[in-house]
Amino acid sequence: MTNTVNIPDETTDYAKRAYISKASQFLGKQLVYPVEGIAPFDGLYVKMLTVSEMTDFAARCDEFNENNEDGLAGIREKALMIVDSTGRPMFDPDNREDVEFLRDMPAQVLMGVRDAFLSINSEDGLKKLQPAKNS
């Protein structure tokens, strides 16, 4: 019987190393973007999450939805999305004052946060990493 498992060879190893080198220029950087269109409430940011961060984010959102007695799971999710200009969390979803503050914000502000977060954490978000093409 022949072995059908593909074992990387030198060509594959070279391609892998080249890819890692290229991708590494973006890894470890805080990819933070301002939430636009929310004036006069600007000053909020969202960031592009790593796979690990997205896994943690999804787990926390599941936790919020499972324990949603106060109906504020969606607000807690937005608290997780908002960061400062350096990529650090601004609001604590476990802090009642933070959650109540966000609850009292205009809906358009948190919808802007959600839209910005989803935009950069979807496949379209990678377009922001590509250099602009001159026409």
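Since we're looking at a predicted model, the values are computed, not measured.
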Heavy-atom pair of closest approach, residues Lys47 and Val32: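 Reported closest heavy-atom pair: CB-CG2, 4.0 Å.
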Contact summary for Leu80 and Pro93, nearest pair of heavy atoms: CD2-CG, 3.6 Å
Under 3.5 Å donor-acceptor, [X] side chain and [Y] backbone:
X: Asn95; Y: Val99; answer: no
X: Asp84; Y: Gly43; answer: no
X: Thr55; Y: Val51; answer: yes

Residues in side chain to side chain donor-acceptor pair (under 3.5 Å) contact with Ser85, at least two apart in sequence or another chain: none
Rounded distance (nearest 0.5 Å) linking atom CG of Leu44 with atom CD1 of Ile38: 4.5 Å
Rounded distance (nearest 0.5 Å) linking atom CG of Leu110 with atom CD1 of Ile82: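 Separation between the atoms: 6.0 Å.
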Residue pair Lys78, Val109: steps toward the side chain to side chain contact (heavy atoms under 4.5 Å, CB included) verdict: CA-CA 10 Å; Lys78 306 311 178 291; Val109 173; over 6 Å; no
Pairs where residues 56-67 contributes a residue and the test side chain to side chain donor-acceptor pair (under 3.5 Å) is met, not counting sequence neighbours: Arg60-Asp94, Asn65-Glu77
Beyond-backbone contact of Met90 with Leu102, side-chain heavy atoms, under 4.5 angstrom: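 Counting from C-beta outward, Met90 and Leu102 never come under 4.5 Å.
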Sequence-distant partners of Thr50, side chain to side chain contact (heavy atoms under 4.5 Å, CB included), two or more places apart: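 Expected list: Ser52, Glu53.
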Joint cluster assignment, Val113 & Met54, ILVMFWY side-chain distance < 4.5 Å: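 Cluster IDs for Val113 and Met54 match.
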ILVMFWY cluster, Val46 and Leu118 together (side-chain gap under 4.5 Å): yes
Qualifying ring-ring contact (aromatic ring centres under 6.0 Å, His included) pairs with a residue from residues 35-70, counting only residues at least two apart or across chains: Phe57-Phe117
Phe101: ring-ring contact (aromatic ring centres under 6.0 Å, His included) partners, not counting sequence neighbours: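 Partners of Phe101 by the ring-ring contact (aromatic ring centres under 6.0 Å, His included) criterion, ordered by chain and then number, come out as Phe91.
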Pairs touching residues 97-121 that satisfy salt bridge (charged side-chain N to carboxylate O under 4.0 Å, His left out), sequence neighbours left out: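 Applying salt bridge (charged side-chain N to carboxylate O under 4.0 Å, His left out) to every pair that reaches into residues 97-121, excluding sequence neighbours, yields Arg96-Glu100.
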